[in-house]
Amino acid sequence: MAAVFLVTLYEYSPLFYITVVFVCFLVTSGLVLAWSGLGVPVILRNSEETESSARVLKKQMRQVKNPFGLEILHPATASLTKGITLTPDCLEDCIVTCYWGCSVQKLHEALQKHVYCFRIKTPQSLEDALYSEYLYRQQYFIKKNDKEEKHCQLPEDAQVVDFGPVPRSRYPLVALLTLADEEDREIYDIISLVAVIHVPDESYRLPCRILYQYLLLAQGQYHELKQLYMSANSTAASSSDTSPHERSTDRSLLEKAGLAEDEPELHEENSKDCVVCQNGTVNWVLLPCRHTCLCDGCIKYFQQCPMCRQFVQESFPLCSETEQDEDESTRILQEVLPGRVF
């Protein structure tokens, strides 16, 4: 009886025929797309496939030890006439060489020579690659873990008040950090650091800052250091950007408004700074926007950055789960035994 009904429906109902053909077409299309490696339509996926497809690619990172560190002290007061104060922080004895008015073209040619011709691991090798295309040179010896301030300034007889309009042919200041001991160059993968620094002059009074930093490797590569954009409520940002006096003033205002909380609760809030769940430590860097705003639990749910809505192509963790567990266990032990140092 049922067979007779289906035959009758097949003969006299074109809608049934069209529906069967359409369903067969969808199933066949899904199988072909899955076999060829293309994206399967959402209506043909299950929940597990949808969740796994939302995870962005994890970028393979190689951990290296950078022996160089450079910081500008009091950037607001730095200028071409007053000079600039640099604070190097190196793991080994190193040499800081400052080149005023370095040629832009010659500097980038020198970086290419490091890849193809010879390695820039001493100040002399960089000067040979620059063909002395700079106005003035200053050099300082920095001892291991010594954060001594070094003041760099053009001499008065140079009579340089600016470096011309944009596009400029010379960088105001280029700082080169190299290892002083030849044996140390065999230990570290990174043998030099080149920092391009903007110094305000009469033409451009923008604040002093480090424009570019290039890490030169012993194997002949160089990588550009780029800043990561952390969330606003991160512990590092709040402790470094706000002075104790400003924090106490802000807290007094909050107390007057009845919005202040206890100090332990504020510390706990700052330590859990994932912008999505507010309950996990930020650990993932999103590329290419470089926003660092997601924890390990939230990274798998986003294909777009929650900060700028840019599509995420790759991502990498700041530390592994093992390192996080070690940090957490150390923190708990320090809370239990505050007088002990681990």
Side-chain angles (χ1 to χ4, degrees), residues 64-73 75 78 80 83-155 158 160 163 168-199 208-226:
V64 294
K65 193 172 184 179
N66 182 14
F68 305 109
L70 186 66
E71 184 181 358
I72 300 175
L73 190 64
L80 190 60
I84 180 176
T85 302
L86 301 177
T87 306
D89 184 11
C90 303
L91 300 178
E92 306 291 343
D93 295 345
C94 70
I95 298 174
V96 179
T97 310
C98 298
Y99 300 93
W100 290 91
C102 180
S103 172
V104 174
Q105 180 180 356
K106 295 299 181 182
L107 176 62
H108 290 280
E109 289 179 359
L111 294 176
Q112 295 300 321
K113 290 179 180 179
H114 173 78
V115 177
Y116 296 106
C117 301
F118 56 90
R119 306 293 178 255
I120 298 177
K121 53 186 178 181
T122 61
Q124 185 60 44
S125 60
L126 178 60
E127 293 168 15
D128 295 339
L130 291 175
Y131 296 104
S132 301
E133 288 289 337
Y134 55 87
L135 302 180
Y136 185 69
R137 190 194 78 159
Q138 292 176 294
Q139 193 171 83
Y140 306 95
F141 179 80
I142 307 298
K143 293 184 179 180
K144 179 180 179 180
N145 295 325
D146 186 7
K147 298 183 180 180
E148 183 180 357
E149 301 174 5
K150 301 298 181 182
H151 186 74
C152 304
Q153 186 176 359
L154 268 172
V160 177
F163 290 97
R168 290 181 166 181
S169 60
R170 294 180 180 273
Y171 287 126
L173 180 62
V174 173
L176 173 68
L177 280 75
T178 55
L179 295 169
D181 193 350
E182 187 174 356
E183 296 181 356
D184 294 335
R185 303 183 194 125
E186 305 297 331
I187 301 175
Y188 292 93
D189 290 336
I190 300 173
I191 56 175
S192 302
L193 182 142
V194 177
V196 179
I197 304 174
H198 168 70
V199 182
C208 180
R209 67 187 67 182
I210 296 178
L211 299 178
Y212 312 103
Q213 290 190 85
Y214 301 100
L215 293 176
L216 278 60
L217 276 64
Q219 295 79 12
Q221 303 91 3
Y222 71 91
H223 302 291
E224 181 182 354
L225 285 179
K226 294 185 178 180

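Start at 1 with the first residue, then count along the sequence.
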How far apart are the C-alpha atoms of V199 and F163, what are their side-chain angles, what is the distance that settles it, and do they pass the side chain to side chain contact (heavy atoms under 4.5 Å, CB included) test? CA-CA 10 Å; V199 182; F163 290 97; over 6 Å; no
Could you go through the side chain to side chain contact (heavy atoms under 4.5 Å, CB included) check for K150 and Q138 one step at a time? CA-CA 10 Å; K150 301 298 181 182; Q138 292 176 294; over 6 Å; no
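- Between the S192 side chain and the I120 main chain, a donor and an acceptor come within less than 3.5 Å of each other.
- The closest donor-acceptor contact from the side chain of H114 to the backbone of L126 lies at 3.5 Å or more, if one exists at all.
- For F141, the CZ atom sits in a packed shell: over 12 heavy atoms of surrounding residues, nucleotides or ligands are nearer than 6.0 Å.
- Enclosure of atom OH in Y212 is not indicated, since only 12 or fewer non-hydrogen atoms of other residues, nucleotides or ligands lie within 6.0 angstrom.
- The structure places OG1 of T122 at 11.0 Å from CG of L179, a figure rounded to the nearest 0.5 Å.
- Defined by atom type and a distance below 3.5 Å, a donor-acceptor pair is present between the side-chain atoms of T97 and Q139.
- A search for ring pair (Phe, Tyr, Trp, His ring centres under 6.0 Å) contacts involving F68 returns nothing, not counting sequence neighbours.
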Test side chain to side chain contact (heavy atoms under 4.5 Å, CB included) on L86 and L73; report intermediate values, then the result. CA-CA 6 Å; L86 301 177; L73 190 64; over 6 Å; no
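- The only option from L216, I190, L217 that meets the side chain to side chain contact (heavy atoms under 4.5 Å, CB included) definition with H223 turns out to be L217.
- Without hydrogens or angle criteria, Y134 side chain to C98 main chain gives no donor-acceptor distance under 3.5 Å.
- A 6.0 Å sphere centred on NZ of K121 holds no more than 12 heavy atoms belonging to other residues, nucleotides or ligands.
- E109 places no side-chain N or O within donor-acceptor distance of the main-chain N or O of A129, the cut-off being under 3.5 Å.
- The side-chain hydrogen bond (donor to acceptor under 3.5 Å, both in side chains) pairs that include a residue from residues 179-189 are E92-Y188, where partners are two or more places apart or lie in different chains.
- The OG1 atom of T87 sits 5.0 Å away from the CD atom of E149 when rounded to the nearest 0.5 Å.
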